[in-house]
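Position 1 is the first residue of the sequence; numbering continues from there. All values below come from the heavy atoms of this structure, side chains included, with hydrogens, waters and symmetry mates left out. A quick note: this is a predicted structure, and the numbers were derived from the prediction, not measured. Every number for a ligand or one of its atoms is a count from 1 in the order of the listing.
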Amino acid sequence: MTVEGGVAVKMRGNPAHPYSLGELCPKVNHFVERVYSPQRITTPLVRTGAKGEGIFREATWSEALALVAQKTHEAINKHGGETVLPWSSAGNQGLLQMSSLDRRLFARMGSSQTVGALCGSVAKNGFMATTGSARSTNPMQIVDAQFIVLWGTNTRITNRHLWPFIEEARSKGAKVVVVDPIRTITADEADWFIQPFPGTDTALMLAMMHVIIRDELCDDEFVAQHTEGFEELAAEVASWTPERAAAECGVDAIDIETFAHEYATAQPAFIRTIIGAEHRENGAMLFRTMACLPTLTGSWKHRGGGLSRSVGSWFDDFVDDSVFDSEHLVQGKPRRALAFTQLGQVLTGTSLTPSISVLYVWNGNPVLTCPNSALTRQGLMREDLFTVVSEQFLTDTAKYADVIFPAAMQIEQRDVVPAWGHLYLGWNEAAIAPVGECVPNTELFRRLAHAMGYTEPELFESDDSLIASALRGVDIEQLQRDGFVPLPNIDEVLFSDGVFGTASGKAQLASKDLAARGLPSLPTYVQSSSRAGSAEFPLVMLTPKQHTRFLNTSYSHLPQHGPREEGPYVEMCASDAAVRGLENGAQARVVNERGEMLLPVKISTRLPEGVVAVPFGWWDISHTNSNNVNDLTSDAHTDWGGGVSFHDTLVQVISA
Ligand SMILES: Nc1nc2c(c(=O)[nH]1)N[C@H]1C(S)=C(S)[C@@H](COP(=O)(O)OP(=O)(O)OC[C@H]3O[C@@H](n4cnc5c(=O)[nH]c(N)nc54)[C@H](O)[C@@H]3O)O[C@H]1N2
Ligand SMILES: Nc1nc2c(c(=O)[nH]1)N[C@H]1C(S)=C(S)[C@@H](COP(=O)(O)OP(=O)(O)OC[C@H]3O[C@@H](n4cnc5c(=O)[nH]c(N)nc54)[C@H](O)[C@@H]3O)O[C@H]1N2
Ligand SMILES: [Mo]
């Protein structure tokens with residue numbers, strides 16, 4: 001960071017960082033402009049307009065805090081602590097600013113809690129059903145792979161720092177396969193692109209296992225010593241011939257045969273996935289089944305083999321965030337847990353006692369990032385709901401607030417940053433004082449605790465003390481000096497010794513735990529509702545991240561971001577457009593039972609018949625009828641893992 005006279009002027013990547021190699025991604029290479037944006041919220045704001053109108057006046061911190069404390073006390077006195085709901089997503093993903101003192105403050109209030117997540121918990125829980133561990137392979141070990149499968153991940157958009165490592169593996173002979181229902185820009189660069197119909201990957205994987213077992217391509221020793229349930233799995237996949245799977249997923253049987261053969265024989269074979277395929281009704285099963293592939297072939301044994309998804313859990317041994325929990329503050333009272341992903345249902349549901357009357361939102365933008373936005377807005381419009389938002393910008397969620405607190409950004413605060421894409425712990429030093437009256441989340445929660453009249457010292461712990469108490473076996477001086485440290489076990493080849501995280505230490509090809517929860521014990525293909533389609537809404541709509549300059553919804557409103565991307569649009573193939581009389585660029589209505597969007601049509605060769613795609617991340621203001629893609633998406637739960645089925649959404653597209 002270059003700072004002149006207390007003003008940040010330039011931000012650069014650190015070329016010494018072994019993973020980023022000093023490259024700033026297009027999301028953050030205009031970060032300084034984000035910090036000093038004229039659109040930034042820099043003082044507390046109190047609502048003066050109607051709910052949702054987005055009209056506020058500036059207020060002092062003491063006035064805004066007093067108002068929030070008064071409303072919160074009134075609500076708790078009348079309905080009990082559980083009438084308060086904290087809703088917080090990832091924010092900047094720093095250790096303290098993501099989730100720390102807030103846990104103590106809301107425990108002290110005895111508030112409701114949330115369960116589930118918009119991101120990651122499905123992939124994690126599905127993967128764990130097989131391996132017993134949330135840890136997956138270190139992504140950087142991909143350089144040693146000979147066969148790389150990018151499964152439901154758009155690496156060149158969402159994980160671009162991994163791409164050079166893939167190119168390096170390629171220069172040493174690796175083949176790159178992309179499996180995605182969309183021919184993404186990552187698929188364009190692959191050696192082989194496999195395009196299953198959305199949500200049918202489990203059928204594809206069952207057929208791969210059929211071929212691998214039939215043709216004796218398993219690592220028999222690894223399977224015998226380190227797995228449980230092989231015989232049952234073999235019986236299950238016996239009927240999953242490539243022809244059967246081909247009919248379900250639209251991939252030729254001969255391609256399934258070849259894919260299975262190449263995957264099993266070209267060791268080390270590395271699977272990389274992140275999140276895209278978890279956002280569906282059968283998402284956890286998809287990840288559970290995927291984890292069986294390297295288990296059957298024994299590819300875990302090889303450096304450059306295995307399966308890599310988010311690697312945040314590797315940090316758990318070195319960053320103990322349980323020190324932030326202070327459940328004793330609730331004095332033994334149980335706190336109910338409400339579905340994080342179904343905020344609209346939680347706020348509008350009539351069966352909830354007590355209903356939510358005070359909502360705190362920070363680190364997230366649920367109007368745009370939760371499914372079924374219309375229901376979320378309907379909940380936020382309730383006159384008897386008091387909404388507090390901590391934000392950097394007047395987002396589509398902040399517009400519904402009664403009080404907004406101005407939030408600091410990374411370069412204005414100190415934090416420690418665990419990663420999900422590599423195994424280096426980062427140090428985030430404050431480079432400048434916060435702009436205006438912005439404060440880090442931790443400071444907001446200290447101020448709120450004070451305004452509430454609470455006195456327990458743990459509610460006021462300083463940031464430095466919180467960091468020191470959470471880090472385990474990390475050389476803080478080195479971390480501060482270098483800006484990053486590798487985790488001590490960074491060179492481990494995960495599960496290469498065949499010891500998995502399950503109670504027996506063996507991988508679960510059949511899982512008694514799943515059976516005990518009423519779930520299929522074996523990898524099982526359950527067709528999702530979107531595969532069957534409907535006469536009224538015959539098209540499956542996917543809504544992944546498609547823009548290099550966006551991070552979810554955090555950047556699209558800024559001049560260096562949204563205006564430089566193409567969109568929003570509804571993308572479809574020529575034949576689906578033709579039968580609807582739609583030409584490239586024509587205005588179309590994208591409709592289903594939840595809502596309607598007006599979007600220009602983009603005809604492309606990236607999608608098969610029956611599938612359309614609308615990019616995620618644009619604000620309401622970017623759309624003609626002031627809504628966003630999540631107005632249409634399904635808020636159905638995933639099979640397990642507490643996630644949401646964004647991509648199992650059916651729509652019709654009609655000429656506008
Ligand atoms: N530029 C940019 N980068 C980002 C983000 C961003 O918003 N913008 N967000 C960050 C975040 S929070 C996350 S979690 C990661 C997510 O990283 P990814 O998981 O790579 O991204 P997604 O766009 O969610 O989904 C990836 C792919 O999954 C595919 N997909 C959907 N359904 C299926 C299916 O049934 N089977 C298969 N095989 N594929 C399917 C989609 O077509 C899409 O191409 O990206 C991070 N990086
Ligand atoms: N249709 C569809 N929906 C999706 C997805 C999809 O692929 N398709 N992806 C899902 C995924 S993977 C994810 S992770 C979620 C993301 O869901 P969210 O986490 O709700 O989304 P973001 O857009 O990242 O919003 C973060 C907000 O926090 C603010 N913020 C950042 N740092 C701080 C801070 O330190 N303090 C405070 N108070 N605020 C801060 C930013 O200004 C921004 O408005 O969206 C999910 N929703
Ligand atoms: Mo995410």
Below 3.5 angstrom, do we get any N/O pair linking [X] and ligand 1?
{"X": "Pro181", "result": "no"}
{"X": "Ile275", "result": "yes"}
{"X": "Phe550", "result": "yes"}
{"X": "Trp420", "result": "no"}
{"X": "Arg549", "result": "no"}
{"X": "Lys545", "result": "yes"}
{"X": "Leu542", "result": "no"}
{"X": "Gly152", "result": "yes"}
{"X": "Ile157", "result": "yes"}
{"X": "Pro196", "result": "no"}

Identify whether NZ of Lys or CZ of Arg in [X] sits under 6.0 Å from the centre of the six-membered ring of [Y] and within 45° of that ring's axis.
{"X": "Arg272", "Y": "Trp151", "result": "no"}
{"X": "Arg531", "Y": "Phe197", "result": "yes"}
{"X": "Arg377", "Y": "Tyr400", "result": "no"}

Can you pull out the closest protein heavy atom to [atom]? Residue, atom name and distance to 0.1 Å, please.
{"atom": "atom 35 (O) of ligand 2", "result": "Asn92 ND2, 3.4 Å"}
{"atom": "atom 21 (O) of ligand 2", "result": "Thr369 CG2, 3.3 Å"}
{"atom": "atom 30 (N) of ligand 2", "result": "Gln392 OE1, 3.7 Å"}
{"atom": "atom 16 (C) of ligand 2", "result": "Asn552 ND2, 3.6 Å"}
{"atom": "atom 19 (O) of ligand 2", "result": "Ser89 OG, 2.6 Å"}
{"atom": "atom 38 (N) of ligand 2", "result": "Ser390 OG, 2.8 Å"}
{"atom": "atom 44 (O) of ligand 1", "result": "Asp180 OD2, 2.7 Å"}

Salt bridge check, Arg280 against Asp201: does any charged N sit closer than 4.0 Å to a carboxylate O?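 A salt bridge is absent here (no side-chain N lies under 4.0 Å from a carboxylate O).
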Identify which of Thr200, Leu551, Thr158 has a heavy atom lying nearest to atom 10 (C) of ligand 1. Leu551
Out of all atoms in ligand 2, which are within 4.0 Å of some heavy atom of Gly91? Include the element for each.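 The atoms of ligand 2 under 4.0 Å from a heavy atom of Gly91 are 31 (C), 32 (N).
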Is any N or O atom of [X], backbone or side chain, closer than 3.5 Å to an N or O atom of ligand 2?
{"X": "Asn365", "answer": "yes"}
{"X": "Gly364", "answer": "yes"}
{"X": "Gln413", "answer": "no"}
{"X": "Trp362", "answer": "no"}

Ile182 heavy atom under 4.0 Å from ligand 1: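 The answer is yes, since Ile182 has a heavy atom less than 4.0 Å from ligand 1.
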Has Gln93 got any heavy atom lying under 4.0 angstrom from an atom of ligand 2? no
Determine whether the side chain, the backbone, both or neither of Cys119 has a heavy atom under 4.0 Å from any heavy atom of ligand 1.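 Under 4.0 Å from ligand 1, Cys119 contributes side-chain atoms alone.
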